[in-house]
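Report on the following structure.
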Amino acid sequence: MAPKKASGSASTEKRRMMSLEIKLDIVEKHEQGMRVKELAKHYNYLQQQIPGTSTEEESFKASRAWFDNFKKRTGIHSIVRHGEAASADVNAAEEFVKTFAEFVEAEGYIPQQIFNCDETGLFWKKMPRRTYITEEEKKMPGHKPMKDRLTPALLANASGDCKIKPLLVYHSENPRAFEAHKIIKEKLHVMSRANPKSWVTRQFFIDWVNLVFGPSVKKYLKDNNLPLRAFLVLDNAPAHPPQIEEEILDEYNFVKVLFLPPNTTSILQLMDQQVISNFKKLYTKHLFCRCFEVTENTNLTLREFLKDHFNIAIGLKIIDIAWQGVTKRTLTSAWKKLWPENVAERDFEGFEIEEEEEPVGGRDRVHWQDYRSGGG
């Protein structure tokens, strides 16, 4: 004779996690009058997990409140099931690609006149995980990991021959290293700004457009005997004001701005198509070069250099070297998804960081002696 199940055995059955979309389905059916027992059987969940019972009622109320708030914020009034959400993004991206191509052709823009920018976080003192210094760092009592963060914003044109001086936001407006190295911020190869969280704000972005992007593009177009017209493609990041054209100074009103559709940034954002990744790899590569140079030419250990002598002034030099090292091929190939007509037909297998172009002014030839002498 089979033993009887202990009373309350249902509570001992394994509870399965319930996704938000299933919760919303259950909420809708429950509101339409479907009973808890029927819902539990239909979705193969315990009755205690279905709304209307005390144990899960608050969770479902929270889900409903979250969804209502989601609808208000986004204007989206339904959750797309399964793989349809990604398909919707792809469809929007495909439509935008067609619209973009038609607009460029109708307006007569050429690759030299079309620009894109994006921001990225950079932990400028952080070494790759599998290095001696990071393993030692974890063991050092009272010493925080090297997670000092700054945010560079990178901007270039579709032909890859016009890189704009980056905007760089750091948490300190006047780092001590600037004074020690006698650095004049106006002469840096970045436009430096500061706030406590190292975030790009709308005002920083507008200042960058008016003080750096506008003048640089105007000079570039004139030097190359090109029509005074420019087209800036942006995503919908909070730092990019929707009405930015109204904030651009009159002398740069030749700049027009186009925003990517929502939820297509991961597909169409040009700088995300390996440009930022390439920049960070180059930064790490040159950081290692400096570290090796230090260990060969000074009495400092690698850990001593990174902990006590590697400061933001040196980091800015390496940022400039890395940005100048991003090749035309990388910048041009980034437009493959948004503007494939702009990318030359060739066997494309990825982005190369070894074949670096010589930066303007030969700024790649910076050595440890330059850092010690405080060269700007």
Side-chain angles (χ1 to χ4, degrees), residues 119-128 131 133-134 137 143-155 163-200 204 207-208 211-212 215-216 279-326 356 358-376:
E119 299 84 18
T120 184
L122 179 67
F123 295 98
W124 61 279
K125 294 186 75 172
K126 192 172 183 180
M127 300 290 286
T131 57
I133 183 65
T134 49
E137 184 184 40
H143 180 58
K144 293 182 180 179
M146 296 177 182
K147 293 184 178 180
D148 198 2
R149 180 179 179 275
L150 50 78
T151 303
L154 307 176
L155 194 157
K163 297 175 187 173
I164 304 301
K165 181 167 77 170
L167 168 66
L168 188 137
V169 184
Y170 189 49
H171 62 74
S172 174
E173 187 170 358
N174 294 297
R176 284 180 292 180
F178 280 17
E179 183 177 351
H181 287 255
K182 299 179 181 179
I183 288 176
I184 301 173
K185 288 199 290 186
E186 290 73 17
K187 293 185 178 181
L188 288 171
H189 298 302
V190 298
M191 190 183 92
S192 176
R193 291 292 184 270
N195 62 30
K197 294 188 176 180
S198 303
W199 286 350
V200 175
F204 290 168
D207 290 345
W208 184 43
L211 299 176
V212 178
S216 299
F279 161 76
K280 289 184 175 180
K281 287 175 183 177
L282 286 168
Y283 180 88
T284 302
K285 171 187 172 181
H286 287 291
L287 173 56
F288 270 117
C289 288
R290 302 303 170 251
C291 291
F292 295 147
E293 195 173 351
V294 166
T295 56
E296 288 180 2
N297 299 313
T298 73
N299 294 323
L300 294 173
T301 65
L302 182 59
R303 183 167 57 173
E304 287 172 340
F305 167 64
L306 289 172
K307 186 171 181 282
D308 300 323
H309 298 272
F310 181 50
N311 54 48
I312 187 64
I314 301 173
L316 290 181
K317 288 177 180 288
I318 301 178
I319 286 172
D320 178 51
I321 294 168
W323 179 227
Q324 295 303 324
V326 176
E356 297 173 31
E358 182 66 20
V360 177
R363 289 203 299 273
D364 192 35
R365 308 303 303 163
V366 181
H367 296 283
W368 170 241
Q369 288 85 347
D370 299 322
Y371 300 143
R372 297 193 66 177
S373 61

R290/I321 under side chain to side chain contact (heavy atoms under 4.5 Å, CB included): CA gap, chis, key distance, verdict: CA-CA 12 Å; R290 302 303 170 251; I321 294 168; 3.4 Å; yes
Chi angles and distances behind the side chain to side chain contact (heavy atoms under 4.5 Å, CB included) call for H309, I314: CA-CA 9 Å; H309 298 272; I314 301 173; 5.8 Å; no
Full working for side chain to side chain contact (heavy atoms under 4.5 Å, CB included) between M191 and D207: CA-CA 9 Å; M191 190 183 92; D207 290 345; 4.2 Å; yes
Worked check of side chain to side chain contact (heavy atoms under 4.5 Å, CB included) between F178 and I312: CA-CA 8 Å; F178 280 17; I312 187 64; 3.9 Å; yes
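The two residues S216 and I164 come nearest to each other via the heavy atoms CB-CD1, 3.8 Å. What you find for A153 and E119 is that their closest heavy atoms are CB-CG, 3.7 Å. Annotation for Q324 and K163: closest pair O-NZ, 2.8 Å, computed over non-hydrogen atoms. Here the shortest heavy-atom pairing between K165 and V212 reads O-CG1, 3.7 Å. Nearest heavy-atom pair across I319 and F279 is O-CE1, 3.6 Å. Here the shortest heavy-atom pairing between E173 and K185 reads O-NZ, 3.2 Å.
Ring planes of F305 and F310: tilted class, angle from 30 to 60°.
Among residues two or more places apart in sequence or in another chain, the side-chain hydrogen bond (donor to acceptor under 3.5 Å, both in side chains) test is passed with S192 by none.
A distance of 10.5 Å separates OG1 of T284 from NE2 of H286, quoted to the nearest 0.5 Å. The line from NZ of K126 to CZ of R149 is 12.0 Å long, rounded to the nearest 0.5 Å. Atoms CG and CD, on N299 and E304 in that order, are 9.0 Å from each other to the nearest 0.5 Å. Taking CH2 of W124 as the start and CG of N311 as the end, the distance is 6.0 Å to the nearest 0.5 Å. Note that CG of L150 is 7.5 Å distant from CG of L316, once rounded to the nearest 0.5 Å.
Using modelled atom types, no side-chain atom of K280 and backbone atom of T120 make a donor-acceptor pair closer than 3.5 Å. Put simply, the side chain of T151 never gets that close to the backbone of W199: no donor and acceptor are under 3.5 Å apart.
L282 has its side chain within reach of V326: a pair of non-hydrogen atoms, C-beta onward, lies under 4.5 Å apart. Residues W323 and V190 have side chains not in contact (no heavy-atom distance under 4.5 Å, counting atoms from C-beta outward).
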